[in-house]
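Worksheet: one structure, shown below.
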Amino acid sequence: MPAVALTTPLYYVNDLPHMGSAYPTIAADALARFYRMTGTPTLFVTGCDEHGQKIQQAAAKLNRTPQEHCDLMVEGFKSLWQLLDIQYDRFVRTTDARHYPIVKEFFQRVYERGDIYPGQQQGWYCVACEEFKEERELLEGNKCPIHPTVTCEWRDETNYFFRLSRYQEALEELYRQQPDFIQPQSRRNEVVAFVQQGLRDFSISRYTTWGFPVPIDESQTLYVWFDALLGYITALLEPQDAPTLANALKTWYPIHVHIIGKDILRFHAVYWPAMLMSAGLPLPRQVFGHGFLTKDGLKMGKTLGNTIDPFALVKQYGADAVRYFFLKEIEFGKDGDFSEQRFVEILNADLANSLGNLLNRSLGMVCKYCDSKVPSRGYDLSTACAQMVQQVQRSYEVLAFQEVCQAVLAVVREGNKLIDDRAPWKLYKAGAQAEVEQILYSVLEALRLVGLCLYPITPSLSSKIWRQLHLEPRFLWTEAVWGGLEPGRDLPKPQPLFERIEVKQ
RNA sequence: GGCAGCGUAGCUCAGGUGGUUAGAGCGAAGGUCUCAUAAUCCUUAGGUCCCGAGUUCGAGUCUCGGCGCUGCUACCA
């Protein structure tokens with residue numbers, strides 16, 4: 001079975017993680033859990049991107065050294081991932097000692113290929129922004145649009161450039177040959193349009209200090225993106241191996257999918273494959289750009305003060321609730337909205353009322369009518385479940401988490417409907433024991449499969465379902481077939497699976 | 001400005017190649033059952049499918065023109 005490596009972005013550590021960092025990490029974790037469940041060798045990579053001037057500034061403002069600052073931020077990320085039940089295999093840091101050898105080796109390859117050359121970086125530079133401005137965006141008298149009192153100065157620096165222009169055709173060919181290289185479609189269109197208008201070489205070095213020295217010129221440091229993207233490769237190193245490119249590439253390369261935000265699409269869908277082509281390496285199979293989150297219909301931002309604090313959200317509602325909401329309620333790839341009211345409604349409707357209560361009511365009846373033992377087999381929901389399993393697998397493979405949830409909920413609804421239609425309590429009183437057992441078996445077995453299907457999204461909820469079915473919560477996709485519950489086994493007394501969230505007014 | 005996409009029930013959205021009474025989930029209202037976490041199940045929502053024109057026997061579904069919204073239009077990540 002081919003190995004699968006998948007990545008989140010390597011988050012920039014200028015600040016603690018926000019919901020925008022948690023979102024793709026949740027998705028990546030779900031995907032990784034799905035692959036592991038199917039028995040695929042899986043490597044889930046996340047980490048942090050720690051170089052660059054912004055970090056240096058953020059650290060200075062807080063009276064820290066850049067490294068101290070990075071260390072602190074990284075702890076913040078790791079603790080959030082723990083709260084959210086994120087099971088990553090590798091946490092790569094671009095300040096790691098093992099990263100630079102990889103970067104150097106990669107740089108050398110690209111350099112020998114003739115794709116790195118010194119050139120002039122010219123333009124109007126705003127000292128306040130610390131960046132070059134496009135001539136057309138300047139105000140009267142070469143004033144900066146963001147700092148209207150600052151006159152931009154003409155700068156003419158010698159930087160090293162990457163010969164991106166050389167790869168225009170190859171990239172266009174890539175997008176043609178591999179139409180799903182960039183997902184979703186709308187993002188692909190943007191990238192194709194961007195590349196079509198012509199690619200310019202871009203500078204990959206800066207005169208700043210917080211970064212790796214340019215291997216052929218120690219007076220400059222590498223542009224953060226150059227070493228950040230290579231973090232994906234460093235992450236593939238086995239802990240015991242020496243940091244060489246050959247070691248990094250031997251097991252997990254090429255990467256199956258990069259899950260990223262649409263804001264960094266260009267770096268992953270244009271620069272990154274071009275860099276890899278230059279180094280003579282295979283390309284990732286897919287770059288998936290997810291959408292952005294809004295809160296109550298508004299863009300989130302520190303200035304508006306309407307950010308979602310993922311720490312607070314998880315602490316209040318739990319990891320499963322947060323994971324479920326964002327994967328179920330927002331189509332992966334599109335923008336989506338968070339509102340606390342919607343959040344509570346969805347969780348109550350789906351997890352507490354439909355799913356939780358189904359488990360509770362059916363287990364309750366098993367206690368009363370079947371002596372707390374798994375009843376004899378029934379097959380009422382077997383067809384529905386077979387469809388669900390098929391759909392769920394297809395959906396996970398294309399990162400359509402919303403579809404996964406919908407397929408699962410359809411079965412849950414059928415389970416509730418089956419009970420209402422057949423009314424086991426009446427059958428029991430009428431002495432139709434065999435029929436009662438078949439119905440209840442069908443529902444419990446469906447719930448076993450529901451737990452399995454939902455495991456990548458709500459791991460601890462699924463574990464709770466399985467424990468209430470007296471099963472070891474070890475989820476394997478080979479068990480996604482009807483009939484796994486063995487009649488006659490003892491069942492515990494039902495416990496509420498997911499407590500309703502009561503809104504306090 | 002250019003390019004791309006979108007605008008369908010209160011909310012979030014489905015609606016290949018045009019064809020009977022436009023669908024789902026959530027929310028809301030009414031009802032039902034009693035196994036259950038006052039959960040479930042059933043029914044209802046009478047929606048200008050953004051507007052206008054056109055093509056057609058027939059358009060939410062194609063064409064054109066408006067209006068509105070979003071994204072991209074390169075070196076902060």
Side-chain angles (χ1 to χ4, degrees), chain A residues 9-15 49 51-55 57-58 121 123 129-134 136 146 159 161-162 164 184-206 223-226 228 261-267 270-271 289 291-292 297 328-331 334-337 339 341-342 345-346 348-369 402 405-406 409-410 412-413 415-429 436 439-440 443 494-502:
Chain A
L10 303 186
Y11 301 107
Y12 206 55
V13 290
N14 53 345
D15 207 345
D49 169 16
H51 285 135
Q53 202 166 11
K54 282 259 156 95
I55 304 286
Q57 286 167 348
Q121 170 81 57
C129 295
E130 294 281 10
E131 69 184 55
F132 286 95
K133 297 288 167 186
E134 287 286 321
R136 62 157 194 268
I146 299 169
N159 282 163
F161 280 72
F162 172 68
L164 181 66
Q185 270 295 317
S186 52
R187 296 292 152 208
R188 175 178 180 275
N189 295 345
E190 283 176 11
V191 171
V192 169
F194 172 77
V195 172
Q196 251 163 11
Q197 74 177 21
L199 292 175
R200 302 204 291 267
D201 298 344
F202 68 99
S203 72
I204 55 165
S205 68
R206 295 292 135 95
Y223 176 44
V224 270
W225 267 108
F226 196 85
K262 60 185 185 181
D263 53 332
I264 54 176
L265 184 61
R266 180 183 309 144
F267 296 95
V270 182
Y271 297 4
F292 274 2
K328 149 81 197 306
E329 211 26 37
I330 298 165
E331 184 180 331
K334 286 196 176 173
D335 290 350
D337 189 55
S339 83
Q341 185 188 337
R342 184 77 174 165
E345 279 173 6
I346 290 293
N348 279 345
D350 294 356
L351 299 187
N353 297 350
S354 298
L355 173 56
N357 188 50
L358 178 62
L359 178 67
N360 206 239
R361 68 194 299 212
S362 45
L363 270 181
M365 284 188 274
V366 167
C367 279
K368 288 183 185 167
Y369 308 149
Q402 196 184 35
C405 296
Q406 275 158 4
L409 282 173
V412 168
R413 267 182 232 114
N416 275 316
K417 192 165 158 51
L418 177 70
I419 293 179
D420 274 47
D421 288 350
R422 306 285 288 279
W425 51 93
K426 283 186 188 165
L427 293 169
Y428 177 73
K429 283 172 195 157
V436 169
I439 293 164
L440 292 178
V443 175
Q495 299 288 325
L497 178 67
F498 185 94
E499 299 277 4
R500 267 183 75 82
I501 301 164
E502 300 299 337

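Letters A, B, ... mirror the listed sequences (proteins, then strands); counts begin at 1.
Contacts of A:P424 with the nucleic acid, taken as non-hydrogen atoms under 4.0 Å apart, are absent. Counting any heavy atom pair closer than 4.0 Å across all strands shown, A:G198 reaches a base atom. As judged by a 4.0 angstrom heavy-atom cut-off over every strand, A:D421 is placed among residues making no nucleic acid contact. Using a 4.0 Å heavy-atom distance criterion, A:G356 is classed as a base contact. Across all strands, A:Y369 comes closer than 4.0 Å only to sugar-phosphate atoms, never to a base (heavy-atom distances). Counting non-hydrogen atoms under 4.0 angstrom, A:F194 reaches a base of the nucleic acid. When heavy atoms are screened at a 4.0 angstrom cut-off, A:L199 is found touching base atoms of the nucleic acid. In this structure, A:R188 reaches neither bases nor backbone, as no heavy-atom distance under 4.0 Å exists between it and the strands shown.
Considering all non-hydrogen atoms of both residues, A:I55 and A:D49 come closest at CD1-O, 4.4 Å.
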Contact pattern, 5' to 3', of nucleotides 23-28 of chain B - B, S or - by protein heavy atom under 4.0 Å: --BBS-
Every protein N/O lying under 3.5 Å from an N/O of nucleotides 3-9 of chain B:
none

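One P atom belongs to B:C64, the other to B:G46, and the distance between them is 36 Å to the nearest Å.
Both distances falling under 3.5 Å, in either a Watson-Crick or a G-U wobble arrangement, place B:U44 opposite B:A28. Across every strand in view, B:G68 sits in a pair with B:C6 that passes the Watson-Crick or G-U test at under 3.5 angstrom.
Between the side chain of A:K54 and the base of B:C76, at least one donor-acceptor pair of N or O atoms lies under 3.5 Å.
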